[in-house]
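Residue numbers start from 1 in every chain, and the chains themselves are labelled A, B, ... in the order their sequence lines are given, proteins ahead of strands. Side chains included, hydrogens not; waters and symmetry mates left out as well; all remaining heavy atoms used.
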2 protein chains.
Amino acid sequence: MRRMTARPANAHQARLLKLLRDGGPNSRAQLGDQIDLSRSKLAVEVDRLLETGLVVADGLAASRGGRRSHNIRLNPGLRFLGVDIGATSVDVAVTNAELETLGHINHPMDVREGPVAVFEQVLAMAAKLKASGLAEGFDGAGIGVPGPVRFPEGIPVAPPIMPGWDGFPVREALSQELGCPVMVDNDVNLMAMGEQHAGVARTVADFLCVKIGTGIGCGIVVGGEVYRGTTGSAGDIGHIQAVPDGRPCACGNRGCLEAHFSGAALARDATEAAQQGLSDELASRWETNGGLTAVDVAAAAAAGDATALDLIREGGNRTGQVIAGLVSFFNPGLVVIGGGVTGLGHTLLAAIRTQVYRQSLPLATGNLPIVLGELGPAAGVIGAARLISDHLFSPA
Amino acid sequence: MRRMTARPANAHQARLLKLLRDGGPNSRAQLGDQIDLSRSKLAVEVDRLLETGLVVADGLAASRGGRRSHNIRLNPGLRFLGVDIGATSVDVAVTNAELETLGHINHPMDVREGPVAVFEQVLAMAAKLKASGLAEGFDGAGIGVPGPVRFPEGIPVAPPIMPGWDGFPVREALSQELGCPVMVDNDVNLMAMGEQHAGVARTVADFLCVKIGTGIGCGIVVGGEVYRGTTGSAGDIGHIQAVPDGRPCACGNRGCLEAHFSGAALARDATEAAQQGLSDELASRWETNGGLTAVDVAAAAAAGDATALDLIREGGNRTGQVIAGLVSFFNPGLVVIGGGVTGLGHTLLAAIRTQVYRQSLPLATGNLPIVLGELGPAAGVIGAARLISDHLFSPA
DNA sequence: TCTACTTTTTCCACTCACAGGACAAAGGCG
DNA sequence: CGCCTTTGTCCTGTGAGTGGAAAAAGTAGA
């Protein structure tokens, strides 16, 4: 089913759509308070938006003591698809035009199975969401992939952990399959957009969003806009050297942050500790599950296991050291920590904070909150929905 | 003498002024080719600019085979003052409205003597330039100081190497003294703007400009605009840890980049080497000059002194390591190396390049030029003139 | 219940920026 | 010397947008 989603005809309409998206239903008068337009002009633009079907009239607005007014809201039938492709799992969610999550499902999947297999999975999940009555079709989709993306074309470029994806026309292919506009971005950037839209970063113009999952990446927001760098690889901090002559890394260097701390590194370290008999807690989990992941380390740490806590602290120190450098360089107004290892929680956060507050200059850290992300695994898909809505709610 | 410099009344006029600044004299027709305005509208705006006196008619334009046309140019009497306050010296230059340097003088001076003494010096230098007939007065001035600045107010904040400057209202005070608008910024940001306007970074939107002088700093340009960070301390990379548990630094930490490589550190290392008799070349210079600076090291290196070359290579490696991290994070389209130690030239550059190209990922370094600044000590003052002209050539 | 006051919406006339065509001025070229 | 091109000037039409007046529809108090 093809849906003919209209686009705003001018900047005023785009502005109005974003106000309605971020502020929910509003009367014309309330919109007038937030936008710098005369009542007459506003009425004209709203009427045009009503004609396109992008927005609809919707009951009476709460009275402010005068003539009753009708609410205007984004068409409640609009649906966006948010897709977050991780290294080891896929998240898919449906939102309405106000970016409220209507349904969210997760499925384990190795990204290395390649774009064709992954897309099959994504489409199956999207179909499932449709089948459960949440959507009849999609008006747009945002996709996050765990690697650098040539943003304008929506094509992954030289992604280290995604063999087979290099140069694959993700945007084009998915747009074809779904029959709607698609935008593609790095998963970390989408997490940053998610936390900016609905999470801890709502009021901050310049911030960093560090995602510690299978790998480590960092979303950079400058003046409210995601910064992607010259070739789309900005924020690729996993291969910054954290330990001189440290562990060998898949990238060919030694001592990369990612080699010393990440979901993958943590799992390996924990396994080693369990095998060496350093931790009964980890050893028993190893036997039970036939392997260890970051989740096991988190659980062991929560149970007070000293080895697990040490691993987290050690990794937090390394990460904090790198972040301290980034803070000195970038002087953000906020640092958000998120990703799969958020379960490591405050032990990790404390270690990172200690390093940053100790190593960076007071002027940069003086009023710098370092916090965990608020949205957890939803950040990516919300960010994806936000990405496509930003695109569709801009003049064509 | 107070000069009543007009300001553009709207964005079109601002645009025209910047075209004339960056492209020199142009006929109305040529301007029309570069701006998206009808000929009639263009004529009106040009006429208004002529009325304000900001631009003047100036002879005939080169014929393109039709009716002859008059050139329009920025008022040749306009004068900007560019001031670059370094840690150990002050640069002052006069430019015309096209930012061509008409005169440039340098005077050694320790910034630690405080704002009052430094301003006395700056005003004396400005008076000297005036006396030599280069200017009758100034229409605006840009000032660079070696420390973080709260940009909107033009006030240094917590500058580590500038005791006595914290909170001093530089912009206000100098505006009073000079009788013209003043803008203040970090010296490194101005160097970046200088190289962007007239140097190697003319065509690049996102780049880094690393200045290695008495200290080390980095100008960050995002989308053609200088990024200053939340508190104005962005680019303060001198205190990023380059050596774990390395040398103690004035900031209280250990292993800061600045403690291991900078003009000051280099002078100290060279002195040590001379005293230990590791290098005859350096020792003889030490005796001759009664001390050593980065300039001596550069000269010794140029003469083939192995110790001097080692010092430079070692420092370049450290710096390159930090820059490699920044490149991974920021993914710039260009890295410019400048500042006092540019004299160390290609030995330094080679060491930096080696580290960056080895440590950062290919996608970020693939097409990344790392070059020396083109303007040398003029970059700062040109950047300062550019700063104030950007301000004055924007709608009031 | 009636009156006075608000809030909101709709309608209309007026302003202003701007585009684009017509025309004049001033050159080159065969 | 005539024709074409380029440039500058004038003039009018158009459409965006403002702001006031009036109508519509409510609340609060006498």
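- Closest to the side chain of B/Arg28, out of C/dA19, D/dT9, D/dG17, is D/dT9.
- Rounded to whole angstrom, the span from the CG atom of B/Asp33 across to the P atom of D/dT6 amounts to 11 Å.
- Checked against A/Glu98 for a salt bridge (charged side-chain N to carboxylate O under 4.0 Å, His left out), the options A/Arg79, A/Arg73, A/Arg21 give a single hit: A/Arg73.
- Across all strands, A/Ser69 comes closer than 4.0 Å only to sugar-phosphate atoms, never to a base (heavy-atom distances).
- Dashed line: the shortest gap from a side-chain N or O of A/His12 to OP1 or OP2 of D/dG17 is under 4.0 Å.
- A salt bridge is defined here as a Lys NZ or Arg NE, NH1 or NH2 lying under 4.0 Å from an Asp or Glu carboxylate O, and A/Asp36 with A/Lys41 fails to meet this definition.
- The residues A/Glu45 and A/Arg15 are annotated as not salt-bridged, no charged nitrogen and carboxylate oxygen being separated by less than 4.0 angstrom.
- Closest to the side chain of B/Ala29, out of D/dC11, D/dT9, D/dT7, is D/dT7.
- Spacing between atom CZ of A/Arg15 and atom P of D/dA16 amounts to 19 Å, rounded to whole angstrom units.
- Spacing between atom CG of A/Asp36 and atom P of D/dG17 amounts to 11 Å, rounded to whole angstrom units.
- Proximity of a side-chain donor or acceptor of B/Ser389 to a complementary backbone N or O of B/Arg386 within less than 3.5 Å is detected.
- As judged by a 4.0 angstrom heavy-atom cut-off over every strand, B/Arg39 is placed among the base-contacting residues.
- As a whole-Å value, the separation of B/Gln30 CD from D/dT7 P is 8 Å.
- Put simply, CG on B/Leu42 is 16 Å from P on C/dA17, counting in whole angstrom units.
- Judged by distance alone, with hydrogens and angles left aside, the side-chain atoms of A/Glu195 form no donor-acceptor pair with the main-chain N or O of A/Ala379 at under 3.5 Å.
- No N or O donor and acceptor, one from the side chain of B/Arg67 and one from the base of D/dT6, sit under 3.5 Å apart.
- Atom NZ of B/Lys41 and atom C1' of D/dG15 are 15 Å apart (whole Å).
- When distances are taken from the side chain of A/Glu45 to each of D/dG17, C/dA17, D/dG19, the shortest belongs to D/dG17.
- A/Ile72 has its CD1 atom 11 Å from the C1' atom of C/dT9, to the nearest Å.
- One can place CZ of B/Arg68 at 12 Å from P of D/dG8, the figure rounded to the nearest angstrom.
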